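All values derive from a computational prediction rather than experimental measurement. When reading the values below, keep in mind they use all heavy atoms of this one structure, side chains included, and skip hydrogens, waters and symmetry mates.
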Amino acid sequence: MSIPVTGAPPATGAHPLSGLAADSVASLVQSVDWVAIAPAVIPAVVALVVLVADLFLPRERKALLGWAAVGGLALAALALGPLRAGHRKTFCLTVDAGECSYVADHFTVVVQLLVIGGALLTALLSLHDMEKYPPGEYWFLLLSSAAGAALLPASRDLATLIVALEVTTLPAFALVGIKRGDRLSSEAALKFFLSSVAATAVTLLGVSFVYAATGTLHLAAIADGLGDVQPQLATLAKVGAVLTLVGFAFKLAAAPFHFWVPDTYVGAPLPIAAYLSVVGKAAGFSGLILVTVIAFEPYADVWGPVVAVLAALTMTVGNVAALRQRAGYAHSAVRLLAWSSIGQAGYLLVPIAAAAYSDDPEHQIGTTVAYALMYTAVNLGAFAVAALVARTAPANRLTDYRGLYATRPLAALALAFFLLCLAGLPPGVIGLFAKVAVFSSIVGTGPAWLAVVMAVNVVIALVYYLRWTAILFAKPAGEPAEEPAGSGAAEGLAGGRTAVPATRTPVPLTAAIALTAALAIVLSGVPQLVLRYASGALL
């Protein structure tokens, strides 16, 4: 389908411009591939439908909005089917058909599957607890953010990348602070907003430097421009490349841009914390891959060491902080998952750093995507079980999970499996396979010191993952212990806690736990297929 930019050409003799050659008229026509853009367009359209429908539906029928959101995300996932085998482009320059702003290649489809699947599971997690939030606004914001996240991996120019990144993030600010009257929620939203705005400003400054040095915003053209940049602009271009990476490092929660994560996860609704831990990272790492491997490829000697240092710092900060979490403090389970997600972000950065030292970065990028697919399934599953426990223990302490196997054996087994996957231990084969793949991507290719740092951090992570797993099967304690000194409003327990009696689990929450567990089990059965599917050309 074609959309004329300036309207239909006039009839012969009807206009002074009627003498234009046919190719001049054709150059004013922009072709739009609606099949290619469907995965990003469908959530955006459903978001508008939900927002309008919210005005007319009575309160007792507001639940239909949630199911409409789930249906829209499922439809967006199905729209990925026709894109599996094709290399489709749209929004291309009329003067150079090879320069396109939207490319639906293998990399795009895999990341869009991750993003839309994560948003769909988040929607299922949200359905059981919607009486606390305004439904119309909630679903509109979630779908809008998912649309931006689906657009980001297909973007092939810096302007579209930045717009997609902000469309992903801006609704998330409101979602984090959507718990009305909750001080923690408002504080988390404000901290998230201020730090994100600062990162975006730095990124835009970097983009302007890159544009000044190369004269283009398209990623492939930037690579050509940086390969032959004028000597007086070389320093400007390198500084612009580093500054541009800041925004994507922030979305990925890479240290030292990670400080917003723990408080944001605690203040946000649990489904939104799960969404940020998965979809937010998908947006960050896909944007980081595109700007480094494609646009800044000539400057691999600049961004390679930078990403390697970010990876080492991120995994170390995340794992050490997770190890120090006090089991009896309020929200300690969510904080542990938050710090764990920062550590996992460090692992995601390792293959990207290795790509800078490789002549063919396709394998390293495929490893990052494969690890992200594993992380998405198991981390959403862990948050789903945390949402289940929070129904009877709102403080969500680690001690609230003590003896969970005695009251909810299936939930305890599922959470134990998710934690073992994150730790990289059997029977979580997919987690072990993903960590070995990440480790092998840096050995013999990138800096050896980064492999050593990763090995040390994997050992550190084993401690807190196994400690939480052991709590699930421990004998429930009958007597509460004293609150920890200096905990203030934490309302923690230093010792055990009587297991909370099981209550009826909502069907959507059960479905979310079951789907993530089934996916993790299937992936553990065929881990080599994950890496094979995730690998693919970027162009």
Side-chain angles (χ1 to χ4, degrees), residues 261-262 265-266 270 273-274 277 315-347 375 378-379 381-390 393 395-428 430-432 434-435 454-485 487 490-500 517 520:
V261 173
Y265 283 24
V266 168
L270 264 179
S277 74
M315 67 177 75
T316 302
V317 169
N319 287 320
V320 171
L323 185 65
R324 297 185 60 191
Q325 292 304 302
R326 302 289 184 89
Y329 282 32
H331 310 294
S332 55
V334 178
R335 285 190 175 275
L336 190 147
L337 286 174
W339 287 111
S340 165
S341 73
I342 294 172
Q344 298 289 339
Y347 303 146
Y375 172 75
V378 299
N379 206 61
F383 269 102
V385 178
L388 174 64
V389 173
N396 225 320
R397 306 175 181 89
L398 286 170
T399 50
D400 293 328
Y401 294 78
R402 186 177 183 89
L404 183 64
Y405 182 75
T407 55
R408 295 186 182 273
L410 294 180
L413 290 173
L415 180 56
F417 183 64
F418 296 141
L419 294 175
L420 291 176
C421 285
L422 289 171
L425 291 176
I430 184 59
L432 175 61
K435 280 188 170 55
M454 179 180 173
V456 172
N457 274 276
V458 169
V459 174
I460 294 174
L462 288 178
V463 177
Y464 63 81
Y465 284 131
L466 290 178
R467 184 185 295 166
W468 193 354
T469 304
I471 290 176
L472 301 175
F473 301 95
K475 182 179 179 181
E479 297 294 331
E482 296 179 358
E483 294 190 6
S487 63
E491 300 176 4
L493 295 179
R497 181 182 175 91
T498 305
V500 180

Keeping the roles fixed (side chain from Lys435, backbone from Ala455), state whether a donor-acceptor pair exists under 3.5 Å. no
Does Arg402 reach the main-chain N or O of Lys475 with its side chain, forming a donor-acceptor pair under 3.5 Å? yes
Got [X] and [Y] here, is their nearest side-chain heavy-atom distance under 4.5 Å?
| X | Y | result |
| --- | --- | --- |
| Arg326 | Ser332 | no |
| Tyr464 | Gln325 | no |
| Thr469 | Phe417 | no |
| Val261 | Trp339 | no |
| Tyr465 | Leu425 | no |
| Met315 | Val458 | no |
| Asn396 | Tyr401 | yes |
| Leu398 | Tyr329 | no |

For residues [X] and [Y], report the shortest heavy-atom separation together with the two atoms involved.
| X | Y | value |
| --- | --- | --- |
| Ala390 | Leu270 | CB-CD1, 3.9 Å |
| Phe418 | Ala382 | CD1-N, 3.6 Å |
| Leu336 | Ala322 | CD1-O, 4.1 Å |
| Asn319 | Gly343 | OD1-CA, 4.2 Å |
| Val378 | Cys421 | CG1-CB, 3.6 Å |
| Leu432 | Gly424 | CD1-O, 3.3 Å |

If you measure from [atom1] on [X] to [atom2] on [Y], what distance do you get to the nearest 0.5 Å?
| X | Y | atom1 | atom2 | answer |
| --- | --- | --- | --- | --- |
| Asn457 | Gln344 | CG | CD | 10.5 Å |
| Leu415 | Leu472 | CG | CG | 5.0 Å |
| Leu413 | Leu404 | CG | CG | 9.0 Å |
| Leu419 | Leu462 | CG | CG | 12.0 Å |
| Leu420 | Trp468 | CG | CH2 | 12.5 Å |

Describe, in one word, how the ring planes of Tyr265 and Phe383 are oriented to each other, choosing from parallel (under 30°), tilted (30 to 60°) and perpendicular (over 60°).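 Rings of Tyr265 and Phe383: perpendicular, over 60°.
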Could you go through Ile430 and Tyr375, starting from their C-alpha distance and side-chain angles, then the distance that decides it, and tell me whether this counts as side chain to side chain contact (heavy atoms under 4.5 Å, CB included)? CA-CA 9 Å; Ile430 184 59; Tyr375 172 75; over 6 Å; no
